[in-house]
Amino acid sequence: MSAPSVTPIPITTISELKQHHSQLVRLGLASHPAHARRLLAFLARDPARLPYAARLLAHHPDPHPALFNPLFASLPPRHAAAFLSLMLSLPLHPDHFTLPRILPAAPLPLAVQLHALLLKLNFHSHAHSFNALLAAYLANGRADLSFRLFGGGGSSAVLDVVSWTTMVGGLCRMGLVDDARELFDGMPERNLISWNSMISGYVKAGRFLDALEVFEQMRAAGLEGNGFVAASAVVACTGAGALARGREVHRWVEQSGIQMDEKLATAVVDMYCKCGSVEEAWRVFEGLPTKGLTSWNCMIGGLAVHGRCKDAIELFHQMEREDVVPDDVTLVNVLTACAHTGNVSGGRHYFDYIVQRYGIEPKMEHYGCMVDLLGRAGLLDEAKKVIDDMPMEPDIGVLGALFGACKIHRDLDLGEAIGWRVIDLDPQNSGRYVLLANLLASAGRWGDVTRVRQLMDERNVSKEAGRSVIEIDSEVCEFQCGTLRHPKEKEIFAMAKDMMKKIGLEGYAPDTSDVLHDVAEEAKEASLLYHSEKLAIAFGLLRTRPGDTMRVTKNLRVCRDCHEATKLISRVFGREIVVRDRNRFHHFRDGVCSCNDYW
């Protein structure tokens with residue numbers, strides 16, 4: 001029933017509400033649900049006004065729960081609880097749609113009280129209330145209470161697909177993906193939300209191959225999918241560096257008729273960029289009917305990490321010509337493009353130009369980009385001056401950029417001073433200790449290297465193992481530094497030794513400067529063979545032919561030795577090798593790397 005016509009007036013104060021209420025009473029409209037709800041909505045926002053709300057409800061001829069249920073979803077938990085207490089005191093009994101509107105945002109003490117009220121009112125067996133209570137316990141991080149409730153609900157007919165999906169999604173958000181998977185596998189029925197909860201849960205946990213496995217199960221079950229599932233699958237391919245899988249997902253999206261909105265399209269562009277095929281990313285980007293700022297930023301950033309500085313800057317200017325206003329992310333991407341090619345003058349220019357032209361206030365990450373740019377170029381004093389002149393205290397990212405530059409350019413004094421400071425700020429990051437130990441080892445200061453290692457032991461910090469993932473014929477294999485566990489490990493190791501022997505004949509000399517052991521040079525050289533990138537490439541050589549492209553994704557920065565070895569491998573074995581490390585892409589072909597040895 002629509003509200004009878006009455007000229008609404010803005011209600012911002014209690015006096016204005018009383019004036020409007022008087023007008024409604026005179027017209028005989030005060031009891032109409034739409035008008036009564038408007039009055040209650042204003043009163044419920046402030047607990048001090050609840051006595052007035054109580055009088056309004058007491059004089060209402062039919063204070064049915066439908067009158068006030070819609071209010072709860074818009075109220076903060078504290079106000080919702082106070083309004084519920086008012087209802088119960090009148091007494092006005094809620095129905096089974098009341099509490100589910102309060103529970104989603106309820107803190108734990110309130111959720112427990114509402115649980116007791118559900119039991120008292122015998123609403124706990126109503127699916128809507130039961131599922132809202134489950135969600136409340138999970139949102140408060142109480143997996144134990146949610147499991148107890150879920151297990152108790154299992155003896156009745158209350159459990160439905162929403163209950164199971166709520167548990168799976170909530171456990172995933174808490175990082176308990178194995179528990180979530182166990183429940184997911186036991187679900188009597190699943191809908192698209194169930195599938196996406198499990199897929200996105202694995203993605204958020206960084207378990208991208210598991211996410212793709214569940215996605216393939218969904219497709220095998222004959223489900224059509226939607227944009228949310230597609231976005232999760234695309235992000236999983238991005239994380240795994242699985243280009244072939246990414247292409248399959250992209251084709252599936254097109255064939256399924258799923259709408260390619262800007263968010264999904266940007267995820268696809270990002271996937272192609274981060275899986276090493278910037279040309280395919282460009283084709284998707286160019287084909288977008290409309291390009292939002294996020295799409296422009298994604299493509300500029302993709303060109304930047306591939307070292308294509310000129311293309312990135314040209315695209316930035318094209319964005320300007322199309323009247324798209326850049327933001328702080330654009331500035332980061334343009335500066336990154338300059339940093340990866342050593343374009344110091346360009347970096348200085350675009351920092352000043354974008355900041356002044358568009359009124360962007362430089363943030364921590366922008367100063368970090370400038371420090372990275374100057375540091376990589378060997379301008380360590382100027383990089384330090386940027387830090388000293390910053391309007392805020394530098395964070396670990398800014399100091400880490402200068403620290404890494406000190407390692408590259410072997411500035412022991414500044415590097416050691418910054419290194420100990422970085423470790424104090426980020427004591428659980430193993431990479432900081434390793435970098436400092438490498439710097440000290442390069443100067444032969446093995447006693448100080450031991451001191452760094454002992455500090456790691458005291459703080460229970462373990463060195464992050466190097467891992468490399470390679471995708472061949474849609475099969476994704478991961479290799480870890482120092483170990484070789486694979487059904488064909490003998491063939492892979494034999495190929496690795498043959499690979500190193502052949503590039504040795506072409507002038508390869510092992511670079512042991514990053515090997516952290518005070519041992520004989522021969523032992524250091526032997527350890528280089530077990531670097532994860534070399535093992536992945538050896539596997540790739542067994543499965544590919546000359547002229548093919550191999551794509552490797554690393555979790556760490558490429559070391560000098562692997563970089564020089566991979567250049568020669570690309571020429572001797574006639575392969576293009578695309579390596580994505582922690583910082584950027586390297587395209588190796590015919591003995592040359594796209595980074596021009598600047599990384």
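Here the structure is a predicted model, which is why all the values come from computation and not from measurement.
Taking CD1 from I577 and NZ from K567, the interatomic distance works out to 12.5 Å, rounded to the nearest 0.5 Å. I313 CD1 to L315 CG: the interatomic distance, rounded to the nearest 0.5 Å, is 11.0 Å. Here the straight-line distance linking atom SG of C406 with atom CG of L412 works out to 9.5 Å at 0.5 Å rounding.
Scored by the side-chain hydrogen bond (donor to acceptor under 3.5 Å, both in side chains) test, D179 finds no partners at all (sequence neighbours excluded). In this structure T166 satisfies the side-chain hydrogen bond (donor to acceptor under 3.5 Å, both in side chains) test with no other residue, sequence neighbours excluded. When the salt bridge (charged side-chain N to carboxylate O under 4.0 Å, His left out) test is applied to D144, the partners found at least two apart in sequence or on another chain are R142. Under the side-chain hydrogen bond (donor to acceptor under 3.5 Å, both in side chains) criterion, E478 pairs with no residue, sequence neighbours left out.
No donor-acceptor contact under 3.5 angstrom links the side chains of E576 and S570, judged on distance only. Residues D327 and T330 bring a donor and an acceptor atom of their side chains to less than 3.5 Å of each other. Judged by distance alone, the side chains of R181 and Y202 do bring a donor and an acceptor atom under 3.5 Å apart. Counting only N and O atoms by type, the side chains of R575 and T544 include a donor and acceptor under 3.5 Å apart. The closest side-chain donor-acceptor pair between N555 and D581, if any, does not fall under 3.5 angstrom. With hydrogens and angles left out, the side-chain atoms of Y433 and R459 include a donor and acceptor closer than 3.5 Å.
Residues R551 and C275 are not in side-chain contact: their nearest non-hydrogen atoms beyond the backbone lie 4.5 Å or more apart. Between R247 and E280, the closest side-chain pair of non-hydrogen atoms falls below 4.5 Å. Side-chain atoms of L134 and F150, non-hydrogen and from C-beta on, do get closer than 4.5 Å to each other. The shortest side-chain heavy-atom distance between Y508 and I569 does not fall under the 4.5 Å cut-off. Here the side chains of M167 and F147 are in contact, with some heavy-atom distance below 4.5 Å. In this structure, the side chains of H340 and C595 stay at 4.5 Å or more apart for every pair of heavy atoms.
Counting only distance, with no hydrogens or angles, the side chain of H531 and the backbone of C481 share no donor-acceptor pair below 3.5 Å. Side-chain N or O atoms of D270 include none that pairs as donor or acceptor with a backbone N or O of G302 at under 3.5 Å. The backbone N or O of D561 sits nowhere less than 3.5 Å from a side-chain atom of D511 that would complete a donor-acceptor pair. In this structure, D448 contributes its side chain and L440 its backbone to no donor-acceptor pair below 3.5 Å.
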Run the side-chain contact (heavy atoms from CB on, under 4.5 Å) check on S594 and F585 step by step: do they pass? CA-CA 8 Å; S594 61; F585 276 88; 5.9 Å; no

Given T566 and E533, is the side-chain contact (heavy atoms from CB on, under 4.5 Å) satisfied, shown in steps? CA-CA 9 Å; T566 306; E533 181 185 337; 2.8 Å; yes

With salt bridge (Lys or Arg N to Asp or Glu O under 4.0 Å) as the criterion, how do R308 and E279 come out once you've worked through the C-alpha distance, each side chain's angles and the decisive distance to 0.1 Å? CA-CA 12 Å; R308 293 172 57 168; E279 292 78 12; 3.6 Å; yes

Should K490 and I492 be marked as a side-chain contact (heavy atoms from CB on, under 4.5 Å) after you check the CA-CA gap, both sets of side-chain angles, and the distance that decides it? CA-CA 5 Å; K490 290 183 179 179; I492 295 170; over 6 Å; no

side-chain contact (heavy atoms from CB on, under 4.5 Å) evaluation trace for K363 with M392: CA-CA 9 Å; K363 297 179 181 176; M392 71 281 285; 5.7 Å; no

K502 and D498: salt bridge (Lys or Arg N to Asp or Glu O under 4.0 Å), yes or no, with the steps? CA-CA 6 Å; K502 286 182 178 177; D498 182 61; 3.3 Å; yes

Evaluation steps, side chain to side chain donor-acceptor pair (under 3.5 Å), between S468 and S532: CA-CA 5 Å; S468 293; S532 63; 2.8 Å; yes

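Between R432 and D426 a salt bridge is recorded (basic side-chain N to carboxylate O distance below 4.0 Å). Salt bridge status for D352 with R348: absent, with no side-chain N to carboxylate O gap under 4.0 Å. With salt bridges taken as basic N to acidic carboxylate O contacts below 4.0 Å, none links R543 and D548. In this structure, D178 pairs ionically with R207, as a charged nitrogen and a carboxylate oxygen lie closer than 4.0 Å. D381 has no carboxylate O lying under 4.0 Å from a charged side-chain N of K385, or vice versa, which leaves the two without a salt bridge.
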Return all side-chain donor-acceptor pairs below 3.5 angstrom for residues 414-421, not counting sequence neighbours, or 'none' if the list is empty.
residue	atom	partner	partner atom	Å
E416	OE1	R445	NH1	3.0
E416	OE1	R445	NH2	3.3
E416	OE2	R445	NH2	2.9

What pairs of donor and acceptor atoms, side-chain ones from residues 238-246 against any protein atom, are under 3.5 angstrom apart with sequence neighbours left out?
residue	atom	partner	partner atom	Å
T238	OG1	V234	O	3.0
R245	NE	S474	O	3.4

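Taking the six-membered ring where the residue is Trp, Y367 and F351 present tilted rings, their angle falling between 30° and 60°. Between F588 and H586, the ring planes are parallel. Angles under 30° get that label, and only those over 60° would be called perpendicular. Ring pair F184/W195 is perpendicular by interplanar angle, where above 60° counts as perpendicular and below 30° as parallel.
No more than 12 heavy-atom neighbours from other residues, nucleotides or ligands sit within 6.0 angstrom of CZ on F228.
Closest approach of N196 and V229 over heavy atoms only: OD1-CA, 3.4 Å. Among all heavy-atom pairs drawn from A441 and V449, the shortest one is N-CG2, 3.6 Å. Nearest heavy atoms, A105 versus P77: O-CG, 3.1 Å.
For the salt bridge (charged side-chain N to carboxylate O under 4.0 Å, His left out) test with E464, the passing option among R582, R557, K554 is R582; the others fail.
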